[in-house]
Amino acid sequence: MKVLVAIKRVVDYNVKVRPKADGSDVDLNNVKMSLNPFCEIAVEEAVRLKEAGKVTEIIAVSVGAKVVQEQLRTALALGADRAIMIETDNNVQPLGVAKLLNAVVAKESPDLVILGKQSIDGDNNQTGQMLAALSGMGQGTFASNVELGDGSVEVTREVDGGLQTVSLKLPAVVTTDLRLNEPRYASLPNIMKAKKKPLDIFTPEDLGVTLAASVTTLSVEPPAERQAGIKVASVEELVDKLRNEAKVIS
Amino acid sequence: MSILVIAEHDNASLKSSTLNTVAAASALGGDVHILVAGSGCAAAANEAAAASGVAKVIVADNAAYGNQLAENIAGLVVEVAADYDYVLAGATGNGKNFMPRIAALLDVQMISEIISVESADTFKRPIYAGNVIATVQSTDAKKVITVRTTAFDPVAASGGSAEQVAIDTASDAGVSSFVGEELAVSDRPELTAAGIVVSGGRGMQNGDNFKLIEAVADKLNAAMGASRAAVDAGFVPNDMQVGQTGKIVAPELYIAVGISGAIQHLAGMKDSKVIVAINKDEDAPIFQVADYGLVADLFDVLPELEAQL
Ligand SMILES: Cc1cc2nc3c(=O)[nH]c(=O)nc-3n(C[C@H](O)[C@H](O)[C@H](O)COP(=O)(O)OP(=O)(O)OC[C@H]3O[C@@H](n4cnc5c(N)ncnc54)[C@H](O)[C@@H]3O)c2cc1C
Ligand SMILES: Nc1ncnc2c1ncn2[C@@H]1O[C@H](COP(=O)(O)O)[C@@H](O)[C@H]1O
């Protein structure tokens, strides 16, 4: 079986991002960039399926500027067999990414496509579901467990009240939640080996996809700051404040 | 203008997030209709019809929609959406699951988790774990939007008397099926709708110690939440996680116990009206957002707090 894993380069999760002074966009000058945490989990899940003998080939794919090669190399070092980069300098929105991924799906016919549930920059949580729609596949979003069978996959999903399990016909789309697995670190020898693994480059035109950006960001601003509060000295004082000052308990 | 709101429900009753979503729809101006797609969902449809500000309720009662499978719901909504300018749902687990699928089938971008309606085509939404608020404009003819429910006060659950129209399309995409579920049963208020939330973090040390939180929550009729660290460590189930990638809450009172205040956690609770932090580390970042901070050992504080409530 062949697995396609979609990965995104994003601001590292430890960075506290701020708007630029003119409010035109966020300030990403000199900030650390990483593989989106949910995409790390996606790669890890594919690698585990391969280690379990259920998967024979893992292809990592990313859409973005030339620099996304760094994250593709990371995915190769973690265990992907080859990589596809769809190069564009435009900021591609989720529907556009999904259309490009759908074109790769048409070329590669994977049995399973694994994506992160959410990119931690745009916080969209859309791309996997959109790819599933465009390709007509079933979707197992927010997965905390994946059992790959012969013609189907059982996905346990994190839902508001707990967990839900669905069965999907293959090929299918899975998006990862945090508890699906604990991603490994790439070892030095694997990082070296990854440099020699194949990486193909396409443009959106090569794939016959025209990108339209129908949602524009007009401005960005910091969120409302909270007033600095006070420290209380005792439980008694706390209860008194909550009752008589904030009036949130009776 | 006409707006279709997709109801959040469990067939037997309507979830309150639907009322927040109707509020966002009302802010757009125009006729608000609710689609109740489910199986044996008449009770939920009746509640939807009673909600204030709703002109019509469309009921699709069919086994294919019983478990809210995204593939089936999306097929249905795409048909129904032909008559509407907007499709809205709450940014709940279900809404996040099926709305992007609907948007892609309609060939439009989707706008996730809006926190305000600026005009008919312009909205605000948080990005980067809520560290930045973006104002976005959509030129799509049909707008597919999820609503951060905590940002819109719910419309009244009663007072309306919308007409109900049944439709009998059965859209089974045939690619997915429901196997089972494990839902937490609790008498507590729902986490995302509770007036008071008491959350525990890694500082709780183990699942058993959450009994201390439970005792306080009982006194306050509060919901219980947790940080990701507490969930990851297996202290409590995943549906209690508050944060960027968990649940978003904005109660009147949020009490954070043994939680350091990582940005990903703050993203889920910093719009709470009053925040209390109990932490033994006076430099914990949670104190920067807390209205009332108590620097103390939680194992001393929680029993005392329970006794004084
Ligand atoms: C992609 C991604 C998404 C994430 N999403 C979320 C999310 O949605 N929600 C979330 O919460 N986190 C999320 N995180 C994790 C987040 O970064 C933090 O790791 C997590 O919130 C820390 O949880 P904590 O505060 O319980 O633990 P810690 O940071 O370990 O803090 C424990 C606190 O307890 C205090 N303490 C210990 N013992 C006592 C005692 N006896 N009395 C009083 N205080 C005590 C300590 O002083 C400390 O401040 C995410 C991370 C990533 C990478
Ligand atoms: N530019 C991209 N290239 C490859 N995969 C992407 C890209 N953008 C999003 N994805 C995938 O879609 C997931 C969800 O992203 P989003 O819908 O933006 O929250 C990510 O975790 C990735 O797996």
Side-chain angles (χ1 to χ4, degrees), chain A residues 11 13 16-19 26 93-95 98 118 120-126 129-130 132-134 136-139 141-142 144 154 158-169 178-179 214-223 226 229-232 235-236 238-239 241-242 246 248-249, chain B residues 69-71 74 92-93 96-97 100-101 103-105 108-112 122 126-140 175-184 220 228 232 237-239 245 252-253 263 270 273-274 276 289-295 301 304-305 308-309:
Chain A
V11 167
Y13 82 98
K16 186 164 181 205
V17 175
R18 293 199 165 76
V26 292
Q93 294 170 359
L95 182 62
Q118 179 173 337
I120 61 162
D121 50 2
D123 284 336
N124 294 309
N125 194 334
Q126 298 176 5
Q129 297 89 316
M130 288 182 156
L134 298 177
M137 292 193 237
Q139 63 187 59
T141 52
F142 325 147
S144 66
E154 263 195 21
E158 299 200 358
V159 296
D160 287 343
L163 296 171
Q164 178 196 61
T165 303
V166 294
S167 171
L168 310 171
K169 280 193 184 150
L178 290 168
R179 273 160 294 278
S214 54
V215 174
T216 6
T217 299
L218 301 180
S219 63
V220 296
E221 62 193 295
R226 287 190 74 93
I230 58 159
K231 292 253 166 71
V232 292
V235 172
E236 203 175 345
L238 175 65
V239 171
K241 293 278 186 203
L242 292 178
V248 285
I249 61 173
Chain B
L69 289 175
E71 298 81 357
T92 60
K96 289 176 182 174
N97 189 31
R101 192 169 180 111
L105 293 175
V108 300
Q109 293 291 346
M110 179 186 145
I111 307 166
S112 294
T122 305
I127 53 176
Y128 292 94
N131 284 315
V132 178
I133 308 294
T135 304
V136 298
Q137 185 174 40
S138 161
T139 55
D140 282 317
V175 288
S176 60
S177 58
F178 173 80
V179 176
E181 62 191 359
E182 274 172 55
L183 300 183
L220 294 170
R228 176 187 168 195
D232 274 0
N238 64 276
D239 53 282
T245 55
E252 290 289 300
L253 172 61
I263 45 178
K270 71 177 161 41
K273 190 153 161 268
V274 173
V276 169
V289 300
D291 299 281
Y292 303 108
L294 180 54
V295 182
V301 170
E304 209 180 320
L305 184 59
Q308 293 197 24
L309 289 172

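These values consider heavy atoms only, across backbone and side chains, with no hydrogens, waters or symmetry-generated copies.
- Using a 4.5 Å cut-off between heavy atoms, B/Glu71 touches chain A through its side chain atoms alone.
- At least one side-chain heavy atom of B/Arg228 sits under 4.5 Å from a side-chain heavy atom of A/Arg179.
- To the nearest 0.5 Å, the span separating OG on B/Ser112 from CG on A/Asp123 amounts to 9.0 Å.
- Proximity to chain A is limited to the side chain of B/Leu220, based on heavy atoms less than 4.5 angstrom apart.
- Ranked by non-hydrogen atom pairs under 4.5 Å with chain B, the options A/Val220, A/Thr165, A/Leu238 are led by A/Thr165.
- Most heavy-atom pairs under 4.5 Å with chain B, from the set A/Gln164, A/Arg18, A/Glu221, A/Met130: that is A/Glu221.
- Among residues two or more places apart in sequence or in another chain, the side-chain contact (heavy atoms from CB on, under 4.5 Å) test is passed with A/Gln93 by A/Ala213, A/Val215, B/Gln109.
- Contacts of B/Ala290 with chain A are made by backbone atoms alone, with heavy-atom separations under 4.5 Å and no side-chain atom involved.
- Ranked by heavy-atom pairs shorter than 4.5 Å toward chain B, the options A/Gln118, A/Lys169, A/Lys231, A/Lys241 are led by A/Lys231.
- Contact of B/Leu69 with chain A is made through the side chain alone, with heavy-atom distances under 4.5 Å.
- Contact count against chain A (heavy-atom pairs under 4.5 Å) is highest for B/Val175 among B/Val175, B/Thr92, B/Ile127, B/Ile111.
- With a 4.5 Å cut-off on side-chain heavy atoms, B/Ile263 and B/Tyr128 do not count as touching.
- Both the backbone and the side chain of B/Leu294 come within less than 4.5 Å of a heavy atom of chain A.
- Each of A/Leu242, A/Ile230, A/Ile120 has some count of heavy-atom pairs under 4.5 Å with chain B, and the biggest count is that of A/Ile230.
- Ion pairing of B/Lys273 with B/Asp291 is absent here, as no side-chain N (NZ or NE/NH1/NH2) approaches a carboxylate O to less than 4.0 Å.
- Interface remark: A/Ala98 contributes no atoms to any contact with chain B (heavy atom separation under 4.5 Å).
- Ranked by heavy-atom pairs under 4.5 Å with chain A, the first of B/Lys270, B/Lys96, B/Glu252, B/Gln137 is B/Gln137.
- The part of A/Glu154 that comes within reach of chain B is its side chain, from C-beta onward, which places non-hydrogen atoms under 4.5 angstrom from that chain.
- Contacts of B/Val276 with chain A are made by side-chain atoms alone, with heavy-atom separations under 4.5 Å and no backbone atom involved.
- Side-chain atoms of A/Gln139 never come within 3.5 Å of backbone atoms of B/Ala70 as a donor-acceptor pair (strictly under, hydrogens ignored).
- Contact check for A/Ser144 versus B/Asn238: no side-chain heavy atoms found under the 4.5 Å cut-off.
- Between chain B and the options A/Val17, A/Leu168, A/Val166, A/Val11, heavy-atom pairs under 4.5 Å are most frequent for A/Val17.
- In this structure, the side-chain hydrogen bond (donor to acceptor under 3.5 Å, both in side chains) partners of A/Ser214, at least two apart in sequence or on a different chain, are B/Asp140.
- When each of A/Thr141, A/Ile249, A/Val232 is scored by its heavy-atom pairs under 4.5 Å with chain B, the top score falls to A/Val232.
- The distance from atom OG1 of A/Thr216 to atom CG of A/Leu218, rounded to the nearest 0.5 Å, is 5.5 Å.
- The two residues B/Ala74 and B/Leu105 have their closest heavy-atom pair at CB-CD1, 4.0 Å.
- Only the side chain of A/Val26 comes within less than 4.5 Å of a heavy atom of chain B; its backbone N, CA, C and O stay farther away.
- The nearest pair of heavy atoms linking B/Ala104 to A/Ala133 is CB-CB, 3.8 Å.
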